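Step one of this worksheet: look at the structure below.
If you're wondering where the values come from, they're calculated on a predicted model, not measured in any experiment. Ligands are counted one by one from 1 in listed order, and the atoms in each one are counted from 1 as well. For the single chain, residues carry numbers from 1 onward in sequence order.
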Amino acid sequence: MNITFLGTAAAEGIPFPFCDCLTCNHAREHRGRNIRKRQSILINRDALIDPGPDLYASCAQLGMSLTELRHVLVTHNHPDHFQPVNLQFRAKGFRQQTDLPLLTLIAPPSVLATWDRFGSNDASAEISRVPFLPGDSLSVPPYRVEAIEATHIEEAMNYIIDDGRSKLLYACDTGLYRDRVWNALEAHRLDAVIMECTLGSRMSARTHMSVGHMKTMLDRMRLLGCIDDRTQLFATHFSHQQVEPHEPLSRMLLEEAGVQCAYDGMVLTLGEEHSA
Ligand SMILES: Nc1ccn([C@@H]2O[C@H](COP(=O)(O)O)[C@@H](O)[C@H]2O)c(=O)n1
């Protein structure tokens with residue numbers, strides 16, 4: 001499974017244009033991995049999680065097209081994770097010479113309601129919708145997708161994605177899992193975990209993760225046998241209000257939690273990593 005981080009920031013991005021905090025100012029001055037677009041990942045070339053506000057800019061910057069995209073999974077109904085216009089522009093009039101595969105839109109009912117409220121049309125966007133909720137699973141070859149309940153807003157989900165060779169847990173956005181979620185997770189042996197660490201080392205909250213909470217979650221996963229020393233661990237979805245620039249943040253995550261710090265353009269081939 002190839003995974004490309006299209007964006008690694010929380011709602012505001014880094015730098016947030018309406019902010020002059022140290023992290024935002026440092027990003028403007030030093031750029032590189034300090035610049036973070038809003039959170040989104042591409043799996044291989046055919047599955048995308050969270051088509052947020054920076055999707056087109058990320059693809060342009062990384063030289064990637066989405067013409068092979070077949071599955072879009074949405075975690076929850078927040079505007080930094082789902083922007084209907086990204087998929088509305090799949091309509092024929094916007095790409096007359098390009099044929100696209102039918103797209104499966106896997107999303108909670110609240111996200112599908114937003115899709116409808118923005119005047120979207122499934123037929124013209126060549127989309128087949130699949131209402132999805134925590135506890136649901138389905139097969140969209142080559143993937144098996146299972147949703148577990150996130151601790152964030154109503155209907156928010158994290159995804160377990162299995163391509164038959166490796167299994168990923170995508171844990172954005174969430175706070176500490178509720179007890180009932182651990183029963184569902186127990187059955188899984190994970191090759192990679194991508195977990196939000198919105199709050200860095202500065203604070204704790206119910207609906208987002210700090211490095212302390214991340215360690216708590218990973219310790220419990222280890223105890224249950226979901227992860228072991230071979231599992232690759234990544235932190236992402238950082239808030240400019242809570243984290244330092246990329247280098248000190250990377251050091252802190254590695255030292256305190258044994259976790260790698262994701263950056264925009266990072267590519268994982270489960271077992272390897274190199275820049276796009
Ligand atoms: N405990 C928190 C929660 C949020 N933030 C900041 O707010 C932004 C939006 O949060 P959502 O819960 O709506 O995703 C987030 O990007 C953080 O910058 C926070 O600092 N502490």
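Contacts between Ala11 and ligand 1 below 4.0 angstrom, taking non-hydrogen atoms only, involve backbone and side chain alike. At a 4.0 Å heavy-atom cut-off, ligand 1 touches Leu199 through the side chain alone.
Residue contact check: Ala10 has heavy atoms under 4.0 Å from atoms 16 (O) of ligand 1. Near His152, meaning under 4.0 Å from any of its heavy atoms, are these atoms of ligand 1: 12 (O), 14 (O).
Between Asp54 and Arg38 a salt bridge is recorded (basic side-chain N to carboxylate O distance below 4.0 Å).
The closest donor-acceptor contact from the side chain of Ser40 to the backbone of Leu6 lies at 3.5 Å or more, if one exists at all.
The only option from Thr4, Asn34, Thr8 that meets the side chain to side chain donor-acceptor pair (under 3.5 Å) definition with Asp264 turns out to be Thr8. Each of Glu12, His240, His246 was compared with Arg36 under the side chain to side chain donor-acceptor pair (under 3.5 Å) criterion, and only His246 meets it. Between Val259 and the options Leu218, Leu254, Thr236, a side chain to side chain contact (heavy atoms under 4.5 Å, CB included) holds for only Leu218.
Contact analysis leaves His240 out of contact with ligand 1, as no non-hydrogen atom separation drops below 4.0 angstrom.
The nearest heavy-atom contact from the protein to atom 13 (O) of ligand 1 is His78 CE1, 3.7 Å. Of the protein's non-hydrogen atoms, Glu12 OE1, 2.7 Å is the one closest to atom 16 (O) of ligand 1. Scanning the protein heavy atoms around atom 20 (O) of ligand 1, the nearest turns out to be Gln242 NE2, 2.8 Å. Closest to atom 17 (C) of ligand 1 among all protein heavy atoms lies Ser239 OG, 3.4 Å. Regarding atom 1 (N) of ligand 1, its nearest protein heavy-atom neighbour is Ala205 CB, 3.4 Å.
Considering backbone and side-chain atoms together, His208 places an N or O closer than 3.5 Å to an N or O of ligand 1.
Between Phe5 and Phe234, the ring planes are tilted. Angles from 30° to 60° get that label. Aromatic ring orientation, Phe89 versus Phe94: tilted (interplanar angle from 30° to 60°).
Tyr170 and Asp50 share no side-chain donor-acceptor pair at under 3.5 Å.
For atom 6 (C) of ligand 1, the nearest non-hydrogen atom from the set Gln241, Arg38, His81 comes from Gln241.
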